[in-house]
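Let me begin by presenting the structure, written as structure tokens, before commenting on it.
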2 protein chains.
Amino acid sequence: MAMAFHPLAASRVRLAPLLPAAAPSSSSVAAHHHHHRRRFSAIVATAAPASAPTVFDFNTYMGERAETVNRALDAAIPAGEPPAALHEAMRYSLLAGGKRVRPALCLAACGVVGGREAWALAPAAAVEMVHTMSLVHDDLPCMDDDDLRRGKPTCHVVYGEPIAVLTGDALLSLAFHHVASVGSYPPDVDPEKHPARVVRAIFELARCIGSEGLVAGQVVDLEMTGTSEVVPLERLEYIHLHKTAALLEASVVIGAIIGGGTDEQIERLRKYARSIGLLFQVVDDILDVTKSSEELGKTAGKDLATDKTTYPKLLGLEKSREFAEKLLSDAKEQLAGFDKEKAAPLLHLAYYIAHRQN
Amino acid sequence: MAMAFHPLAASRVRLAPLLPAAAPSSSSVAAHHHHHRRRFSAIVATAAPASAPTVFDFNTYMGERAETVNRALDAAIPAGEPPAALHEAMRYSLLAGGKRVRPALCLAACGVVGGREAWALAPAAAVEMVHTMSLVHDDLPCMDDDDLRRGKPTCHVVYGEPIAVLTGDALLSLAFHHVASVGSYPPDVDPEKHPARVVRAIFELARCIGSEGLVAGQVVDLEMTGTSEVVPLERLEYIHLHKTAALLEASVVIGAIIGGGTDEQIERLRKYARSIGLLFQVVDDILDVTKSSEELGKTAGKDLATDKTTYPKLLGLEKSREFAEKLLSDAKEQLAGFDKEKAAPLLHLAYYIAHRQN
């Protein structure tokens with residue numbers, strides 16, 4: 001599952017590393033904090049990259065973020081502890097090797113408003129938990145009935161339907177547990193120091209899931225599936241704005257909140273996120289008709305086979321690609337007001353979402 | 001569905017009313033706050049009982065709390081707005097007329113540590129959302145496959161399985177959304193004034209749901225169902241402590257947190273809650289073998305029919321009743337250190353849980 005990044009990915013923008021060289025070692029911090037704190041330090045200490053600022057490289061940027069986020073996700077769910085079947089299914093679904101685009105957006109948004117990316121590691125992990133939960137539930141036999149996800153058998157295929165439902169529930173609550181836990185943060189921004197930021201982040205996270213977000217999109221998506229009626233474009237956009245864009249928006253906005261962004265910065269990044277959110281789905285639809293299952297790691301052509309409305313079906317492939325370019329340009333516009341170096345990751349994430357191949 | 005309260009319920013303890021007579025009217029408050037705030041005021045202003053302190057009466061106490069909580073729940077989910085099917089299913093499940101024991105515990109715990117009960121209305125509504133979500137998912141065909149709940153057809157029977165799964169997800173996220181929303185609180189304790197309390201409440205709420213709470217209990221419960229092996233008492237207690245007691249504990253603890261309780265008060269109330277949590281399930285098991293479906297409003301004898309381990313099955317009916325009395329006495333002991341008048345609701349809630357008939 002190699003990532004195909006945009007050629008611009010390796011442009012020469014200098015960025016501070018994910019974690020500062022002066023980050024305290026896990027042992028010195030552990031003495032002053034309870035075990036939750038120790039857990040955070042253990043994650044970041046081993047994940048700390050080289051100390052000097054490095055030439056910006058998108059592949060390296062994404063790889064390092066994915067590794068750090070995976071470590072946080074791994075630490076958040078105990079392996080082997082009872083109930084073992086549940087923890088195993090949660091780990092199977094969560095550690096299946098996605099590209100961690102949402103966590104990267106969250107970390108990058110924290111950085112663009114002037115925060116240290118490590119501040120946003122907890123919400124970054126949480127948005128991935130929410131994303132995984134929605135995949136696990138959407139894949140259920142009574143929903144989209146998908147057997148393959150990220151190139152592996154889906155949760156319910158491996159663990160059965162009851163455990164898959166409960167795995168989603170547990171991941172959803174774990175996301176909030178993780179964001180609200182003192183031990184998920186570095187000491188300078190933990191919920192005891194900045195509780196207002198954390199409450200606001202939780203508000204955004206919760207809003208993007210339910211009847212204003214992921215779930216709303218899935219409900220309307222299910223209503224549309226298999227109907228012979230032609231689905232209007234507005235209905236299609238409703239589905240994608242809720243099913244895909246809402247969580248991408250929350251990922252960006254939450255990162256900016258935890259990073260201490262101003263209301264004006266947060267709202268500009270919200271607009272950026274809405275554009276790339278819709279972009280993400282348009283590209284997904286395009287890939288679905290142009291790529292094989294093997295390349296995508298999931299069942300391709302399924303949207304067409306089950307009569308789902310997609311952008312290529314409604315607009316044609318060429319117009320869908322033009323629409324994607326327009327959304328990319330809208331997203332770039334919102335980044336114009338930010339420091340160029342700090343905005344590089346979000347800029348390249350937009351390029352990546354526009355031009356990815358799976 | 002009349003409630004059969006314990007004879008002690010009408011003892012003569014004086015309590016402040018749920019809301020003070022001096023509570024600002026909805027119009028005077030509305031001028032200073034955005035629409036979320038107005039919504040809170042509208043709920044409490046119309047629900048405000050008579051102004052003078054009244055003689056404590058448990059039936060009245062519970063009836064007033066249920067009415068206020070129902071109003072908050074009703075206001076939290078828009079009727080008719082899209083996606084209409086989802087909102088309808090959420091309202092159907094949430095407004096099905098349960099006894100609102102968990103919200104009452106939350107409100108009463110806020111009061112016992114010296115808070116105004118109205119402060120805890122948001123988390124009280126949230127714990128009911130979480131409770132309902134767990135019922136909706138547990139009732140699913142792939143889970144316990146229950147057709148009847150609170151005397152009505154279950155969510156998946158009325159709305160289908162996909163909507164039932166999504167209704168649970170939406171209720172779960174709405175619970176966190178509600179607790180994190182400024183507009184869910186009276187102005188004196190909203191998340192902008194007391195964000196640390198709100199974060200701590202969210203932490204407790206999240207913890208009681210997933211692999212340390214409701215979901216863990218359901219997983220182990222499913223593992224036990226239909227096995228011929230004799231389930232040891234520790235395993236049965238694990239199930240109930242997670243499936244039932246965890247949320248009751250969170251309800252009490254969250255109320256105490258929002259009410260501004262000290263750590264020592266919160267921990268004492270946690271112990272109280274653990275006792276009544278287990279008590280709740282022991283009584284549930286006893287009722288299941290001694291009452292008809294009509295009296296219970298759900299399928300009775302099901303636990304025996306499907307070979308579920310229950311306290312009466314493991315200990316016999318008489319020993320189960322003795323165990324219930326022991327748990328009640330443990331719970332009372334934890335309330336001894338609190339102001340007697342302020343502790344009256346929690347005391348009577350313990351009596352009610354011990355002696356309820358459905």
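Letters A, B, ... mirror the listed sequences (proteins, then strands); counts begin at 1. Excluded from the calculations below are hydrogen atoms, water molecules and symmetry mates; all remaining heavy atoms, backbone and side chain alike, are included.
For the options B/H242, B/R197, B/M143, heavy-atom pairs under 4.5 Å to chain A are most numerous at B/M143. Among B/G213, B/A196, B/A180, B/G160, the residue making the largest number of heavy-atom pairs under 4.5 Å with chain A is B/A180. Between chain A and the options B/D169, B/V130, B/L174, the largest number of non-hydrogen pairs under 4.5 Å is found for B/D169. Your options are A/P191, A/A164, A/G217, A/P162, and the one with the most heavy-atom pairs under 4.5 Å with chain B is A/P162. Residue with the most contacts toward chain A among B/S173, B/G210, B/A175, B/A170: B/S173 (heavy-atom pairs, distance under 4.5 Å).
Side-chain contact between A/E192 and B/R200: absent, with no pair of heavy atoms (C-beta onward) separated by less than 4.5 Å. Between B/V182 and A/V199 there is no side-chain heavy-atom pair separated by less than 4.5 Å.
Within the 4.5 angstrom heavy-atom criterion, no atom of B/E81 approaches chain A. Both the backbone and the side chain of A/I209 come within less than 4.5 Å of a heavy atom in chain B. A/V219 touches chain B through backbone and side chain together, each having a heavy atom under 4.5 Å away. Proximity to chain A (any heavy atom under 4.5 Å) is restricted, for B/L140, to the side chain, taken from C-beta onward. Heavy atoms of B/E212 lying under 4.5 Å from chain A belong exclusively to its side chain. Contact annotation for A/E223: only side-chain heavy atoms (C-beta onward) come within less than 4.5 Å of a heavy atom of chain B.
Annotation: the span from A/F176 atom CZ to B/L172 atom CG amounts to 7.0 Å, rounded to 0.5 Å. Here the straight-line distance linking atom OG of A/S181 with atom CZ of B/R207 works out to 9.0 Å at 0.5 Å rounding. Rounding to the nearest 0.5 Å gives a distance of 8.5 Å between NE2 of A/H177 and CD of B/E204. Note that the OG atom of A/S134 and the CG atom of B/L166 stand 10.5 Å from one another [nearest 0.5 Å]. Rounded to the nearest 0.5 angstrom, A/H137 NE2 and B/H137 NE2 are separated by 6.0 Å. Between B/C142 atom SG and A/I163 atom CD1 the span is 10.0 Å, to the nearest 0.5 Å.
Between A/S211 and B/P83, the shortest heavy-atom distance links the atoms O-CD, 3.7 Å.
Environment of CZ in B/R270: crowded, with over 12 heavy atoms of neighbouring residues, nucleotides or ligands closer than 6.0 Å.
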